[in-house]
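Worksheet: one structure, shown below.
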Amino acid sequence: MITTDYVPGSPCWLDLGAPDVPAAAAFYGAVLGWDYESMGESEDFEGGMFKKDGKIVAGLGKLTEEGARPAWMLYYSVTDADATTQAVQQAGGTVRVAPMGLDDWGRMAQYSDPLGGQFAVWEPGTNKGVELVDQPGSLSWTELYTTDAAGARGFYGGLFGWQFSDMPLPGGGGAYTLITPAGLPEDRMHGGLMQLGKEDLAMTGGRPYWHPVFAVEDCDAAVAQVTGNGGSVQMGPVDMEGVGRLAVCLDPANADFVVLAPSES
């Protein structure tokens with residue numbers, strides 16, 4: 001489970017880069033019950049915050065990077081963004097956005113792992129991260145699809161100190177690797193990674209990618225809102241034993257995410 005204590009190495013923030021901010025706000029409002037609060041519009045900036053029940057659950061901004069695809073960016077909490085940046089480079093990763101301060105809120109940086117999977121970090125100041133997690137309409141899991149699971153474990157394990165455990169996939173389809181922050185028990189798992197072939201990562205041209213999993217009360221109802229508001233479904237809804245009912249979805253701009261109605265424990 002994801003919690004808001006945001007220990008180092010745990011997911012703490014996410015934001016969406018979208019080509020059409022009002023359209024994205026309307027879509028996720030319909031699917032996840034989010035309210036959108038604009039932080040302003042200008043020639044240089046357009047974006048704001050998504051809220052659920054008055055609590056911040058994600059950020060939204062205009063996609064401005066040339067050639068970039070619309071996508072969710074996941075941020076992991078760190079104590080020192082500069083030291084993390086150095087560690088990323090030493091481990092073969094790439095710095096996409098060097099550490100930068102956002103007033104007194106904190107400092108952020110964005111990277112690519114050695115195979116091109118994009119992720120980010122947040123060094124908290126007055127803002128530790130999103131205000132609601134692991135509840136319907138909020139982030140409940142993070143997931144990496146990669147062509148090299150062993151390499152990903154080495155890179156991210158070295159960077160964040162993550163602990164890993166493997167869960168066999170049904171039908172002899174390999175293993176799904178579960179991720180837990182350093183030093184915490186397995187009930188604090190916050191994500192997973194799975195190895196796929198390049199042909200299964202066509203959306204990114206074979207490059208690994210992270211995506212968020214959002215908790216919902218009713219997976220089928222959420223999927224109906226996805227398709228009814230211009231999105232599409234890549235897989236599901238499907239029941240996963242011990243996990244819940246989930247579907248892999250695309251928003252109207254083809255940013256990917258998962259909706260999950262968790263199993264009752």
Which heavy atom in [X] sits nearest to a heavy atom in [Y], and how many Å separate them?
{"X": "P19", "Y": "K62", "result": "O-NZ, 2.6 Å"}
{"X": "A18", "Y": "A24", "result": "CB-CB, 3.8 Å"}
{"X": "A81", "Y": "P99", "result": "O-CG, 3.8 Å"}
{"X": "N254", "Y": "R69", "result": "O-NH1, 3.9 Å"}
{"X": "L139", "Y": "P212", "result": "CD1-CB, 3.7 Å"}
{"X": "M189", "Y": "T180", "result": "CG-OG1, 3.1 Å"}

So, does [X] use its side chain to make a donor-acceptor pair with the main chain of [Y] at under 3.5 Å?
{"X": "R207", "Y": "G116", "value": "yes"}
{"X": "W122", "Y": "N127", "value": "yes"}
{"X": "T94", "Y": "S112", "value": "no"}

Among the clusters formed by ILVMFWY side chains lying less than 4.5 Å apart, do [X] and [Y] turn up in the same one?
{"X": "V213", "Y": "V238", "value": "yes"}
{"X": "Y28", "Y": "I56", "value": "yes"}
{"X": "L178", "Y": "V7", "value": "no"}
{"X": "F257", "Y": "Y36", "value": "yes"}
{"X": "W141", "Y": "M240", "value": "yes"}

From [X] atom [atom1] to [Y] atom [atom2], the distance as rounded to the nearest 0.5 Å:
{"X": "T146", "Y": "L201", "atom1": "OG1", "atom2": "CG", "result": "7.5 Å"}
{"X": "D113", "Y": "L159", "atom1": "CG", "atom2": "CG", "result": "10.0 Å"}
{"X": "Q195", "Y": "D200", "atom1": "CD", "atom2": "CG", "result": "10.5 Å"}
{"X": "Q163", "Y": "E186", "atom1": "CD", "atom2": "CD", "result": "8.0 Å"}
{"X": "L14", "Y": "F214", "atom1": "CG", "atom2": "CZ", "result": "5.0 Å"}
{"X": "L132", "Y": "D53", "atom1": "CG", "atom2": "CG", "result": "7.0 Å"}

Do [X] and [Y] have side chains that get closer than 4.5 Å, going by heavy atoms?
{"X": "Q234", "Y": "L250", "answer": "yes"}
{"X": "Q118", "Y": "Q110", "answer": "no"}
{"X": "P252", "Y": "N229", "answer": "no"}
{"X": "W72", "Y": "H211", "answer": "no"}
{"X": "M203", "Y": "Y209", "answer": "yes"}
{"X": "V95", "Y": "Q89", "answer": "yes"}
{"X": "Y6", "Y": "Y75", "answer": "no"}
{"X": "H190", "Y": "L184", "answer": "no"}

query: side chain to side chain contact (heavy atoms under 4.5 Å, CB included) between M194 and L169: does it pass, once the steps are laid out?
result: CA-CA 10 Å; M194 184 166 62; L169 292 171; 3.7 Å; yes
query = Going by distance alone, is a donor N or O of one side chain under 3.5 Å from an acceptor N or O of the other, for D134 and S140?
reply = no
- Can Y76 and T142 be counted as having a side-chain donor-acceptor contact under 3.5 angstrom? yes
Point to revise | E123/R107 ion pair, N-O < 4.0 Å | key: yes
Step by step, would you call K52 with L32 a side chain to side chain contact (heavy atoms under 4.5 Å, CB included)?
CA-CA 8 Å; K52 175 76 172 179; L32 296 171; over 6 Å; no
The ring pair (Phe, Tyr, Trp, His ring centres under 6.0 Å) partners of Y156 (sequence neighbours excluded) come to F119, W162, W210
Within the 6.0 Å centroid threshold, strictly below: F50 and W34
yes
| message | Quick check: F155 with Y111 (ring centres under 6.0 Å apart)? | response | no
With P8 as partner, the option from T79, D80, V121, V78 fulfilling side chain to side chain contact (heavy atoms under 4.5 Å, CB included) is T79
Kindly indicate, with the supporting measurements, whether the criterion side chain to side chain contact (heavy atoms under 4.5 Å, CB included) is fulfilled by M49 and E131. CA-CA 11 Å; M49 302 293 180; E131 298 170 340; over 6 Å; no
Go through the steps for K128 and T4 under the test side chain to side chain contact (heavy atoms under 4.5 Å, CB included), then give the verdict. CA-CA 8 Å; K128 291 186 176 181; T4 55; over 6 Å; no
